[in-house]
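Presented below is the structure to which this report refers.
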Protein chains: 2
Amino acid sequence: MQNMAETTDTGLPRAVAIAWGMHEVPQRGPSRGLSHERIVEAAIKIADVEGLAAVTMQAVARSLGFTTMSLYRYVSSKDELLRLMQDAALAGPEKLKLPGTWQEALRAWAATVRAAYRAHPWVLELPRGQIAVLMPNSVRAAELGLAALQSLDLRDDEKIGVILVVSQHVASSVELEQNLREEGEVAIGAEGIDMLGEVITAQRFPHLKPLMEAGYYVASEDRGGSQGRAEPDSVDAEYDFGLDLIISGLEVLEQRSARTT
Amino acid sequence: MQNMAETTDTGLPRAVAIAWGMHEVPQRGPSRGLSHERIVEAAIKIADVEGLAAVTMQAVARSLGFTTMSLYRYVSSKDELLRLMQDAALAGPEKLKLPGTWQEALRAWAATVRAAYRAHPWVLELPRGQIAVLMPNSVRAAELGLAALQSLDLRDDEKIGVILVVSQHVASSVELEQNLREEGEVAIGAEGIDMLGEVITAQRFPHLKPLMEAGYYVASEDRGGSQGRAEPDSVDAEYDFGLDLIISGLEVLEQRSARTT
DNA sequence: CATACTCTGTTTATGCCATACACAGACGAG
DNA sequence: CTCGTCTGTGTATGGCATAAACAGAGTATG
């Protein structure tokens, strides 16, 4: 129910048609005071500054100097607006100088995807499904990713898999970063950590307990010690770590298939 | 603002304290007609059947035969209830027979995490941040994951990284599966695909275009052909593909560090 | 050029939601 | 017994998406 997705008569979801620029604008009536572009732009600005939850039809309309209901002349539902925002926020470089080896190229591609997510982290709160993947900027990103993998000797469906796995890793990493930042303000104090230490005992959690005490598992406020604050660096580290693992795995896969061929 | 997270006097978020069973229940007044457990259970049942959006305070209360406001005697906000649901839904096997090699063990661990997410896919709609990670079942899962990696020769912080990357991959995979299922009902017909073919041209998308025509990129309804329906299998394939890449990468990393040591 | 039809932006109204607040009664501590 | 605390409830508020009806703008057709 919450997922109507409003298909046009062409069978395409309206959001897809709009984003690709196919969409008959009416000729008959009075001239329009707004446009999809302006609405989406205003909505994105709100999301960037105040978060996705602050994007209400009222807020968007007010920021444009129109009434709430006027938006519905351009967008058939809030869901549709969100889809358009998602795509518009993911605009990336049309062309990208891709380094020589596929490893470097894949890394560069991942970096652009990461940058896009980081610029508009609220994008990650929206579902990334079939429809999202058909939007212009997703398609452009996929094209670019495939270009990066050109020299990698894999089957086509495997390349799609690589694109998917890498972009999911990037998304997860930024999502984590974001969740930590948002909850960081409510950081658990030393007192709370002590409290947890009573239930997270060495008997019940033999492997985890030492890591927790070393501060690897939770980012405590400071824990009397000095380093603490694992927030910004550790997420970067996790991003690199995961990407390195994937690339290493791909190198193995490539060698294997080369041997087979 | 949307993220109050209600800390107790101990400095721990209330949800964490409740989930771990530390929480002074009042002695003075009348006996209580409800409990956290019953409320969370009822809410989970609703989420399983009707989706997370159907979990309203009203719906939960009604299903228990109480009024909406009565829930607030047990749970300080809906957010807190959602956190408790998230944790309760991720209950897994306390002990797990872990196969010999770390590869097999890691795979088995990932499978249990995947099963948990699949049993309650709405869990993925909730933020997975610092607080979520401190809840009992997350801690148990981490312990189990570390146990699986016991024989893997890596530093402790690297092992945490592995746990993180793998669980993120699993989550992403199930999330994708879910998004596809939900949008699958609105599948794009052949007519829509043709429409897209006009904007997704071979000139602008030289790498992607052939894959789209081969049906690798989008799951069209049937496309006149026969195979189509890439939905269930392809997600499984993506899951295995990503996990294999990570494990391969880990093997390389292990050899490298063994050489260094 | 007049008329009809379409499309605009607005006003108003509905139903759902989380949750603040105040109350009557239940119950244990003193 | 009585006081203070806690329970479950009723009522009220403000925010939300969006349906419906309307007055006027503008274009196409006679």
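Each chain gets a letter, A, B and so on, in the order the sequences are listed, and its residues count up from 1. Computed over heavy atoms, backbone and side chain alike; hydrogens, waters and symmetry mates excluded.
In this structure, B:Val174 and B:Tyr239 have side chains that are not in contact, with every pair of non-hydrogen atoms separated by 4.5 Å or more. For the pair B:Asn137 and B:Arg140, the minimum side-chain heavy-atom distance is below 4.5 Å. Between B:His120 and B:Ile44, the closest side-chain pair of non-hydrogen atoms falls below 4.5 Å.
The separation between A:Arg28 atom CZ and D:dT27 atom P is 12 Å, rounded to whole Å. For the pair A:Tyr72 OH and C:dT11 C1', the interatomic distance rounds to 15 Å; values are reported in whole Å. For the pair A:Lys78 NZ and D:dA19 P, the interatomic distance rounds to 14 Å; values are reported in whole Å. Put simply, CD on A:Glu80 is 14 Å from C1' on D:dT18, counting in whole angstrom units. When rounded to the nearest whole Å, the span between CG of A:Leu52 and C1' of D:dC16 equals 14 Å. With rounding to whole Å, A:Leu81 atom CG is found 12 Å from D:dA17 atom C1'. For the pair A:Gln27 CD and C:dC7 C1', the interatomic distance rounds to 11 Å; values are reported in whole Å. At whole-Å resolution of the value, OH in B:Tyr74 and P in D:dT7 are 6 Å apart.
Remark: A:Asp79 engages A:Arg83 in a salt bridge, criterion side-chain N to carboxylate O under 4.0 Å. Using a cutoff of 4.0 Å between basic side-chain nitrogens and carboxylate oxygens, A:Glu177 and A:Arg118 are scored as salt-bridged.
Near DNA chain D, defined here as any heavy-atom distance below 4.0 Å, the residues from residues 57-71 of chain A are A:Met57, A:Gln58, A:Thr68, A:Met69, listed numerically.
Between the side chain of A:Arg204 and the backbone N or O of A:Val199, at least one donor-acceptor pair lies under 3.5 Å.
Counting distance only, with no hydrogens placed and no angle test, the side-chain atoms of A:Arg73 and the base atoms of C:dG9 include a donor-acceptor pair under 3.5 Å.
Along DNA chain D, the nucleotide closest to A:Ser77 and the one closest to B:Ser31 are compared, and the more 5′ of them pairs with B:Ser31.
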